[in-house]
Amino acid sequence: MSDTTAPTTPAGAATPKVGFVSLGCPKALTDSELILTQLSAEGYATSKSYAGADLVIVNTCGFIDDAVKESLDAIGDALAENGKVIVTGCLGAREGEGGGNLVRQMHPSVLAVTGPHATHEVMEAVHQHLPKPHDPFTDLVPPQGIKLTPRHYAYLKISEGCNHRCTFCIIPSMRGDLVSRPIGDVLTEARKLFEAGVKELLVVSQDTSAYGVDVKYRTGFWDGKPVKTRLFDLVRTLGEIAKPFGAWVRLHYVYPYPHVDEIVPLMAEGLVLPYLDVPLQHSHPDVLKRMKRPASGEKNLERIARWRELCPQIVVRSTFIAGFPGETEAEFEHLLDFVREARIDRAGCFAYSPVDGAVANTLADPVPDALREERRARFMAVAEQVSAEKLRTRVGANMQVLVDSAPGLGKKGGVGRSYADAPEIDGVVRLLPPEKISKTLKVGEFTRARIVDTDGHDLVALPV
Ligand code: SF4
């Protein structure tokens, strides 16, 4: 399969549900965890019954005859009960009589068959048969879809749900209040991902800063040691786990609560990437109040200034909404000033669009569609100017770049990202062909590169 663009379901559509049957040894279990993590990071829900699922994934075992029979029976059950089945795991790689694929011979109506360690292919099959959900206000990926996560980076979901009630958002009504995953489970999953070759771990949730609030920051255990279920402990330990693998840890969806200041010195030390994805949505206190957002614009400005003092190389990414109901021209101008003053490195902006069931739909003075779009465009012009100025200051610097694509071992160049670029949502580093004949570029490996130019949102660099 070569299509790497996932279709999305429209905002407001029911969350697609996937049933999962996991058979086999601990290695197969790790594969199941990787697939489930990816499903969850992309917003799919899981279903405990065949009937409640939109499709079913069966992770099989092909080791001994009993296991083969158990796996084939499980596929048969899933087909009978649900009808839409994707098969992965060891049995998927087995040949049947005459050299064809055994699973396809026994169950010709399955949607797709892959072998083990095939998160990428399984997700591709899921996207093809069950479009991924999309929420323009909370997705980490652009509305046109997501490229499948290659093996060298992975999303790590640390919690589900949210305790806030932002008026434009229906996530809490769909997914409920914040439920933090046990810290031991999160850290174990992180180490497995690094062991499997992941070079960049992207921490995601609806509200990363609130991690552990629901369990009163209770003490859990990992590697025989007590560790608290709270952001600082999580980030520090993730950084320590990543170090021997030389891997990056990147934080998404960090709200600017005061305790986030504790994380920034860990970034200055190099334990985790000096990159914060902070979804601010607006700057004007009255708009933030109508949105029911947790912090005021003025404090956010101070907070960002403090982060830059503690860690001058920090990159701040954020998303904003233009044309929220009742937004006046003065309030919008406040937002433009904020982006200029806070020097937001990477900014995305949505024109407000009502989500079915959101409280904000009932607010007074909705902004006309055309004006929302116009403001979004004005916002992006300012944000791009700030971003371009900041990018230009990098020309001449040597940066570490994680290679995402390098056809022919990079002899004709490639594409990568620096610490300042999260996959899919930020710019990239366009790598020129290396001058040294012996130098090669490999996907999933780091290279040093000298920044020689900028190109829109991107940097141009020469591998050294
Ligand atoms: S913080 Fe607000 S926008 Fe984010 S999930 Fe919670 S309610 Fe929705």
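Whatever order the structure lists them in is the order used to number ligands and atoms, beginning at 1.
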State the CE-CD1 distance between Met399 and Ile451, to the nearest 0.5 angstrom.
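So the CE of Met399 and the CD1 of Ile451 are separated by 5.5 Å.
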
Distance, nearest 0.5 Å, that separates CD1 of Ile35 from CG of Asn59:
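Result: 5.5 Å between the selected atoms.
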
With respect to atom 6 (Fe) of ligand 1, please indicate if Cys162 possesses an N, O or S atom at a distance under 2.8 Å.
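Short answer: yes, at least one N, O or S atom is under the cut-off.
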
Between Glu445 and Lys199 (salt bridge meaning N to carboxylate O under 4.0 Å), is one present in this structure?
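Between Lys199 and Glu445 there is no salt bridge, as every charged N stays at least 4.0 Å from the carboxylate O atoms.
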
Measuring from atom 4 (Fe) of ligand 1, which candidate in Tyr255, Tyr253, Phe168 has the nearest non-hydrogen atom?
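Considering heavy atoms of Tyr255, Tyr253, Phe168, the nearest to atom 4 (Fe) of ligand 1 sits in Tyr255.
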
Would you mind writing out the side-chain donor-acceptor pairs for residues 239-249 within the sub-3.5 Å range, not counting sequence neighbours?
unit_1	atom_1	unit_2	atom_2	d
Trp248	NE1	Gln400	OE1	3.2

Residue Cys166 vicinity, atoms of ligand 1 by number, heavy atom under 4.0 Å
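Those atoms are 1 (S), 2 (Fe), 3 (S), 7 (S).
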
Check ligand 1 against Pro172 and write out every atom of the ligand that is under 4.0 Å from a heavy-atom position of the residue.
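Atoms satisfying the 4.0 Å criterion: 7 (S).
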
Tell me whether ligand 1 is touched by Arg293 - counting only heavy atoms on the residue side and a distance under 4.0 Å.
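So Arg293 counts as touching ligand 1.
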
Once salt bridge (Lys or Arg N to Asp or Glu O under 4.0 Å) is applied, do any residues pair with Arg375, and if so which ones, sequence neighbours excluded?
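For Arg375 the salt bridge (Lys or Arg N to Asp or Glu O under 4.0 Å) partners, ignoring immediate neighbours, are Glu327, Glu329.
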
Tell me which part of Pro279 gets within contact of ligand 1: side chain, backbone, both or neither, using heavy atoms under 4.0 Å.
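Neither part.
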
